[in-house]
Asker: 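Pasting a structure here, questions to come.
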Amino acid sequence: MERFVSLFVTGVAQGAVFAVVALGFLLIHKATGVINFAQGDLVTLGAYIAIWAATDLELPLLGAYAVAVAALAAVGVLIERFAYAPIRDRSIHVVVISTLGAALVIRAVIVLWRGTSPTRLRGPLGFEVVEVLGARIPKQNLLIIGVTAVCVAALWLLFHRTQFGRQVRALASDRMAAQMQGIRVARMSMLTFGLAGGLSALAGVLIAPTRAVTVDLGFGPMLYAFAASILGGMGSIGGVVVGALAIGLVQQLGGGYLSPDYAEVYPFVLMLLVIALRPQGVLGSEVRARL
Amino acid sequence: MLEVRDLRVTYGTTVAVDGVDLDVGGGEIVALLGPNGAGKTSTLRAISRVVPATGTITFDGEPVGALRPEAVARRGLVHVPEGRHVFPNLSVHENLLVGRSARDGRPSAFEVDDVYDLFPELVPLRSRAGWALSGGEQQMVAIGRGLLAAPRLLLLDEPSLGLAPTVVDRVYAVLTEVAGRVPLLLVEQDTERALRLAARAYVMAAGRVALSGPAGEVAGRDELVASYLGRTATVRDGA
Amino acid sequence: MPGSEVGTAPVAAEPAARPARDRDVRPPVYRQRQLHGVAAVAALVVALSLGVDSAFGHGLLHSWLIYSVVGLGFYLVFSLSGQFAFSQGAFVGLGAYASVWASEGRSFAWGLLAAVVLSAAVALAFAVLVVRSDHFYFAIATLAFSHIALIVFRELESFTAPGGEIVGIPKPDLFGHRFASGQDLALLLGAFLVLALLLTALVERSPLRREAVAFRDNRQVAATVGVPVLRLRLGMFVLGSTYAGVAGCLFAHTSGFISTESFALELGIDIFLVVLLGGAGSMWGPVLGAAFVVWAPEQLRFVGEYRALIYGALLVAVVVAFPGGLVGLVEAAGRWLRRGRGAVRLRSVGERA
Amino acid sequence: MTLRAAGIAVHFGALRAVDGVDLAVGPGEAVGMVGPNGSGKSTFLNAVTGVVAARGSLEVAGRRVPLGRPGAIRRAGLARTFQSPQTFRELTCIENVLLADRDRHATGLAGAWLGRRAMWRRERRRWARALAALDRVGLADRAEEPAGLLSYGQQRMLELARALVGEPAVLVADEPSAGLDDTETAELARLLGDLPARGVSLLVVDHKLDLVEQVADRVVVMQLGRVIADGPPAEVWRRDEVVEAYLGRRGAARG
């Protein structure tokens, strides 16, 4: 039982981080139709900026987090300006490759700036644990789950209860009609890239305390976020969150009860099965990707 | 209010609009008629800048020919497109709210509640998603969304397209009701209804204006029927 | 030459279908000179393998030849039939491990055979599994596939080795000859590249090319005119992935050392660079692109650790500013030269008038 | 029957674009289909050519063909052209036509690598047929130019050549005259008018009623996803429901 509870909570926490990454990715995809392959490296960069702000600038941890989120929002806007806006009307292949190039640049910058040796980022709760049904759960995991829940709720409200959110969704479903309604598409696209950058940084600072921080930190979460989006049918916030939690749980429970060597594989096997059997996603109805 | 001079739209090597001049005065209802492929929709799209065109377009004394489509909409030149283009993933209510994006601080003659008064059919559908609406309901949402943008001129593209006659009656009843408050440039295949609503009309054939004048006069001309039945040659001779 | 009999053959006897005026019956695509190009590459490889005398130079030459084969395969999958696949690097790895596994205690030929069979079979099984997915879903599925493959290489020790690291792989031997020297290896790899080019050229000079291009441009319309889109899609994917498998086999036996690192994301990025930098519009693109990807880092050595940064920026710059890649630049230069000559002629006509 | 479609229905969400349409076209028959914009004509064509998912049943040249399989439908003998011409711009004109040839022998890898001799032999015949098809629409001179360089009207003609190359049992043309000028339309009418005599049945959707009258012996009128009239043109134009739905009351005066 303890083992199950422990694996379950870890799975939910990991899934929650994937959900935050996936939401950023979904945001850009919905507003612009683009798949942003730089999302993973934005997560990594966010964690490194937080480490820099906490150690070199000696800011308090929450201040460091805020710096990371703000900086990554700016980086998101830069990517939009340099790697997306100039080629918006070109083939989707070109746009995807351009985001890949942006990912490569970010990765190179991180290596130049912080080197390749692994570092750590403290969590605000240190290594404290709490006992739940006999299982020792790191408080960081509960923090991740809590922050993600708040974040998802805030995003949901933003999308469904504000004019900005309605405009993003309008833009996502019909670009031309959105323009005819006076929605400023260029500004919206910058804003969504910025918001997605901030979300990546948040995912970075949440996940960094649970593992060693290397330049590959964000790559796995990005892949799982892709998988989560596919499970969720590339559609709603709810679908993506459910998909991400499923990914986290499959990974942890599979790793715990089957073979830990292949823990990383199970989510992708699940995803490939979904693609094979129900290409529009478990919860999705219709796919409107531009790729 | 709206002045279009020598408008040309080409797709590749096809000339869709071939030197059209067109005026809409303040408070006027103008119909733009003609058969399929005559260039009506392209003319409208060129005015709202969603397709590239040459020529000059002046709105309220200001040139708008170089603006982005969203900027044109924000000046109050609002386009209700052919095929309605209701946002499929937004509810009826949200579609209407998005319509307010183009106001840019202008006072609006219509608020969301006014649209529900005009189209009481939409009230029970408030939270239904756009994709789940029938064609007629979508047309009502599209018109309502256009009215909420505080339009100074509403460009309406084929509001009767693909709708059952009773629904067309409803849509035209509402258009008649708002006609006094919002100037309209109406593209329509249903000649008769359009001419009943409009004060003036232009008839297009093969990318050019073949005929124009007060609605009553246009309705009496044989060229109108001829252009609809594909006898474009007759129209050109007359033009 | 397979196509040589065409020029002299008479028009097929179908009186009703006979066009009004007499004309040559060869479609223009079959008039292209791919086979001359293949011969030129073969000559270049021989010249380089004889001319290069340093181990370092041979290393670069080997990398170029292997990258070219991988790139050619990706040309078939990505450029010609428009399938956005991240799996090419994984198939290089699969070929590498399969060939080491099968050739252990046996000859290189067994390894090569295993690489071909296994990469083709796995590619087919994967493509059939995800056949209902399109575009973005397919891209993500291939990304997941390559991630799974890497983990399997690392963990499935009975097939690979502990941690996926294998050292001391013997140099290839064929027909009783062991290709141990740099020069021998260059000639062997060159032979494989020429074979790959030849097979690609034959596809380019066949109805398959037009069907692949039609499929890439608009698969729905292609289906309505009767192009067998499913067969085409699976066939091109399997073919291109098999090229990658063969290249992996060659890589393992040339370098003598493989680890999962060799087939990680960096390889995937390099493959994109090879095809895009070279120019996705032509089968010569990957050959030029591979030369650049192998040669440029050595020239960029003085920039040291900024290399990766420059690479990424280059990738963005190429797709933004030079969509045609190196081949496009060469063609543009050719057009410019021709136009220059044309302009001179025009002017002289004007003077006379 | 050359083409028999029964109970064809297409739904987009709550919208019934095509609502149970039955249509049969006999051998050598030419049928025109008209109706207001948005009445479901194009969607019906997309359904019977397999481009959109639909319910119902389909028979081409006396054989049952599953819906939703565009390739199988084309190979069974139903060819089509599109509302806006869909040519492959990067391929040459003749390659565009070659794609649609019914003889598919030696077009795969086996032909490219092993059966080169058979491939060339077949290809020469395909080439001659394609050239003849291009000649019929007046494009033989442009055979080796990329289709992207053609004018709009020529692209329509190229599409027609591509549809006709395999001697299909039935040609389905979606607004073939859209965007054509008068001389081009006349040429098109001549080409389409010749088809029934050559054994190709015709189903043509168009807004130019002149053209429809000229080529079709029977007219089907659609409205709101259903067939509301079916018969000889002169008779159909006089029916009240057709006048109401399509021509407008004034249009009736002309008859």
Side-chain angles (χ1 to χ4, degrees), chain A residues 23 26-27 29-33 85-86 88-89 155-192 229 232-240 280-281 283-290, chain B residues 44-45 47-52 67-106 108 127 129-132 138 141-142 144-152 154-157:
Chain A
L23 286 175
L26 181 73
L27 191 64
H29 178 63
K30 293 219 103 180
T32 64
R88 201 190 63 221
D89 296 326
L155 266 185
W156 192 90
L157 287 174
L158 180 71
F159 262 68
H160 292 270
R161 290 287 179 269
T162 69
Q163 187 72 352
F164 169 79
R166 284 189 285 269
Q167 290 185 340
V168 172
R169 287 160 59 218
L171 187 58
S173 56
D174 193 331
R175 187 182 175 84
M176 190 188 77
Q179 284 185 308
M180 286 179 171
Q181 291 305 317
I183 294 173
R184 292 178 168 131
V185 292
R187 184 181 300 183
M188 298 300 283
S189 123
M190 275 198 288
L191 281 172
T192 50
S229 309
M234 295 295 292
S236 63
I237 293 181
V240 165
Q280 69 274 42
L283 301 165
S285 49
E286 197 187 349
V287 189
R288 286 172 190 268
R290 249 182 75 199
Chain B
L44 229 51
R45 290 180 165 206
I47 294 172
S48 63
R49 299 281 303 134
V50 288
V51 300
L67 297 177
R68 289 161 175 269
E70 55 266 39
V72 174
R74 284 173 170 268
R75 307 246 157 135
L77 195 51
V78 176
H79 188 162
V80 177
E82 176 188 355
R84 308 178 276 270
H85 288 264
V86 165
F87 299 114
N89 300 323
L90 269 60
S91 70
V92 167
H93 195 66
E94 287 176 322
N95 264 285
L96 295 178
L97 290 176
V98 165
R100 299 194 301 196
S101 305
R103 281 186 191 177
D104 215 21
R106 280 190 309 278
S108 175
S127 51
W131 61 263
Q138 288 189 350
V141 171
R145 196 175 60 180
L147 291 174
L148 286 169
R152 293 195 294 162
L154 199 60
L155 310 173
L156 270 172
D157 198 352

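Chain A is the first sequence line, chain B the second, and so forth, proteins listed ahead of strands; every chain is numbered from 1.
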Asker: Is it the backbone or the side chain of B:Asn95 that comes under 4.5 Å from a heavy atom of chain A, or both, or neither?
Answerer: neither

Asker: Of all heavy-atom pairs between B:Ser101 and A:Gln167, which one has the smallest distance, and what is that distance?
Answerer: OG-NE2, 2.7 Å

Asker: Pick one of side chain, backbone, both or neither for B:Val50, based on which atoms fall under 4.5 Å of a heavy atom in chain A.
Answerer: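 Just the side chain, heavy atoms under 4.5 Å.
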
Asker: Is it the backbone or the side chain of A:Gln181 that comes under 4.5 Å from a heavy atom of chain B, or both, or neither?
Answerer: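 Both backbone and side chain of A:Gln181 come within 4.5 Å of chain B.
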
Asker: Determine whether A:Leu155 and A:Leu158 satisfy the following criterion, side chain to side chain contact (heavy atoms under 4.5 Å, CB included), listing intermediate values before the conclusion.
Answerer: CA-CA 5 Å; A:Leu155 266 185; A:Leu158 180 71; 4.1 Å; yes

Asker: Drop me the distance from A:Arg161's CZ to B:Glu94's CD, to the nearest 0.5 angstrom.
Answerer: 7.5 Å

Asker: Pick from B:Ala73, B:Ala71, B:Ser48: which one has the most heavy-atom pairs with chain A under 4.5 Å?
Answerer: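 It is B:Ala73.
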
Asker: Please check if atom CZ in B:Arg106 has more than 12 non-hydrogen atoms from other residues, nucleotides or ligands closer than 6.0 Å.
Answerer: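 Result for CZ/B:Arg106: enclosed.
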
Asker: Under 4.5 Å heavy-atom distance to chain A, tell me which part of B:Arg84 shows up: side chain, backbone, both or neither.
Answerer: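 Contact with chain A: none, neither part.
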
Asker: Can you see which heavy atom on A:Ser173 is nearest to which on B:Phe87, and at what distance?
Answerer: OG-CD2, 3.6 Å

